[in-house]
Amino acid sequence: MARGTRNTAVLKLGGVGTLAALLLAGGLQLASADENARPAASAAAQTVNCPTVRDKLPPVPAAAAAGVERELANLDQEIARQNERLARLAVRPEGGPNFVDNAVLGPLRSKRTAALDRIEIAFNRIGAARPNLDALATCGLNAPGVPSAVNGNAAGQNGNAGGQNGNAGGQNDGAASGAARTVNCPRVQLPAVPAAAAAQVQAELATLDKQIDEANARLARLAVRPEGGPNFVDNAVLGPLRSKRTAALDRIEIAFNRIGAARPNLDALATCGLN
């Protein structure tokens with residue numbers, strides 16, 4: 001009788017062990033399915049939809065060009081930062097239904113207001129008519145997968161997502177700053193950007209545009225106050241720009257490589273000329 005009781009107990013323990021194993025296996029499958037679903041969520045990330053500013057400006061006086069280009073680059077950098085935030089939120093949602101408005105769009109509006117005000121001041125400081133850019137501060141959201149419009153530099157603009165080249169057409173290319181020349185950089189054409197690399201790639205494309213804007217601002221200052229000899233622009237503008245672009249392009253390649261995607265070869269896109 002005791003032997004039968006022990007056998008029954010063993011069977012019961014065996015049943016519990018089997019059930020635990022099944023539950024554990026099921027839990028692992030669910031976790032795996034959840035992890036597999038995450039990249040799809042990041043692929044579906046929304047992006048901010050902000051009004052472009054460059055194409056809304058009157059002709060930019062040469063003396064204001066450096067300040068204006070710097071703030072246009074700041075506006076694009078802020079768009080890239082908020083798109084990175086949205087990509088993270090697509091993977092790990094936070095807060096309630098108003099979280100994106102309060103944590104992304106609200107702060108973005110405040111930062112754009114400050115940058116737009118500095119553009120207006122750049123005009124006003126040299127005695128030019130101050131443009132009213134207040135209506136350009138507020139952004140909305142694009143549908144998932146739609147890249148943000150950016151200001152960039154129309155001569156070599158990279159835009160801000162997956163190989164897009166932003167808003168060609170309708171934008172000034174910096175020629176409005178008097179007789180100043182502008183840099184002529186190759187556009188960065190990329191293969192399809194994996195969702196896991198999108199935020200980094202987007203940030204580096206915005207960095208490339210900011211570098212172009214900074215170089216153009218330097219050229220605008222040189223048009224007003226020339227410096228150096230015949231090789232000065234090569235040594236002081238194009239050379240440093242090539243070095244900075246090489247580093248940013250390398251970071252884009254690494255973003256692909258880090259997640260196991262084929263690493264694109266972007267070395268030929270580092271060298272810029274002059275328009």
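Predicted model, so just to flag it, every value in this text is computed and none were measured.
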Euclidean distance, [Y] [atom2] relative to [X] [atom1], rounded to 0.5 Å:
| X | Y | atom1 | atom2 | answer |
| --- | --- | --- | --- | --- |
| Gln46 | Asn83 | CD | CG | 10.5 Å |
| Asp213 | Asn151 | CG | CG | 8.5 Å |
| Ile212 | Leu72 | CD1 | CG | 13.0 Å |

Pairs satisfying disulfide bond (SG atoms under 2.5 Å apart), at least one member in [range], at least two apart:
| range | result |
| --- | --- |
| residues 198-240 | none |
| residues 51-107 | none |
| residues 92-137 | none |
| residues 241-275 | Cys185-Cys272 |

Report the C-alpha separation of Leu208 and Leu249 in whole Å, then their side-chain angles, then the decisive distance to 0.1 Å, and conclude whether the side chain to side chain contact (heavy atoms under 4.5 Å, CB included) test is met. CA-CA 8 Å; Leu208 289 168; Leu249 292 167; 4.0 Å; yes

Any donor-acceptor pair under 3.5 Å from Asn216 side chain to Val183 backbone: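 The answer is yes, because a donor-acceptor pair under 3.5 Å joins these two groups.
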
Sidechain-backbone polar pair: Ser148 side chain, Val48 backbone, donor-acceptor under 3.5 Å: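 Yes, Ser148 side chain to Val48 backbone: donor-acceptor pair under 3.5 Å.
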
Qualifying residues under side chain to side chain donor-acceptor pair (under 3.5 Å), relative to [X], sequence neighbours excluded:
| X | value |
| --- | --- |
| Glu204 | Gln200, Arg251 |
| Asn142 | Thr47, Asn49 |
| Asp234 | none |

Which heavy-atom pair separates [X] from [Y] by the least distance, and what is that distance?
| X | Y | result |
| --- | --- | --- |
| Gln77 | Ala203 | OE1-O, 4.2 Å |
| Val68 | Ala122 | CG2-CB, 4.1 Å |
| Pro186 | Ala268 | CG-O, 4.4 Å |
| Pro131 | Pro58 | CB-CD, 4.1 Å |

Between the side chains of Glu71 and Asn74, is a donor N or O closer than 3.5 angstrom to an acceptor N or O?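 Looking only at side-chain atoms, Asn74 and Glu71 do form a donor-acceptor pair, the distance falling under 3.5 Å.
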
So Val150 and Leu205, side chain to side chain contact (heavy atoms under 4.5 Å, CB included) or not? Walk me through it. CA-CA 11 Å; Val150 292; Leu205 289 174; over 6 Å; no

Listed pairs under 3.5 Å, donor-acceptor, residues 218-226 side chains, sequence neighbours left out:
none

Can you list every pair that meets salt bridge (Lys or Arg N to Asp or Glu O under 4.0 Å) and has a residue in residues 262-271, with sequence neighbours left out?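 As it turns out, the salt bridge (Lys or Arg N to Asp or Glu O under 4.0 Å) pairs with a partner in residues 262-271, which skip direct neighbours, are Asp250-Arg263, Glu253-Arg263.
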
Which pairs count as salt bridge (Lys or Arg N to Asp or Glu O under 4.0 Å) when at least one residue sits in residues 138-149, sequence neighbours excluded?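 Every pair satisfying salt bridge (Lys or Arg N to Asp or Glu O under 4.0 Å) with a residue in residues 138-149: there are none.
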
State which residues pass side-chain contact (heavy atoms from CB on, under 4.5 Å) with Ala261; sequence neighbours excluded, sorted by chain then number.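 Testing Ala261 for side-chain contact (heavy atoms from CB on, under 4.5 Å), a comparison that skips the adjacent residues, returns Pro194, Phe256, Ile259.
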
Where do Leu75 and Ile119 land on the side chain to side chain contact (heavy atoms under 4.5 Å, CB included) test, with the steps shown first? CA-CA 11 Å; Leu75 290 169; Ile119 290 176; 4.3 Å; yes

Is Leu57 linked to Ile121 within one hydrophobic cluster, defined over Ile, Leu, Val, Met, Phe, Trp and Tyr using a side-chain heavy-atom separation of less than 4.5 Å?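 Shared cluster, no.
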
Please lay out, stage by stage, how Glu69 and Arg54 fare under the test side chain to side chain contact (heavy atoms under 4.5 Å, CB included). CA-CA 9 Å; Glu69 290 297 335; Arg54 185 184 292 276; 2.9 Å; yes

Side chains of residues 103-112: which donor-acceptor partners sit under 3.5 Å, not counting sequence neighbours?
from: Ser110; atom 1: OG; to: Gly106; atom 2: O; distance (Å): 3.4
from: Lys111; atom 1: NZ; to: Glu78; atom 2: OE2; distance (Å): 3.4
from: Arg112; atom 1: NE; to: Leu136; atom 2: O; distance (Å): 3.2
from: Arg112; atom 1: NE; to: Ala137; atom 2: O; distance (Å): 3.3
from: Arg112; atom 1: NH2; to: Pro51; atom 2: O; distance (Å): 3.0
from: Arg112; atom 1: NH2; to: Leu136; atom 2: O; distance (Å): 2.6

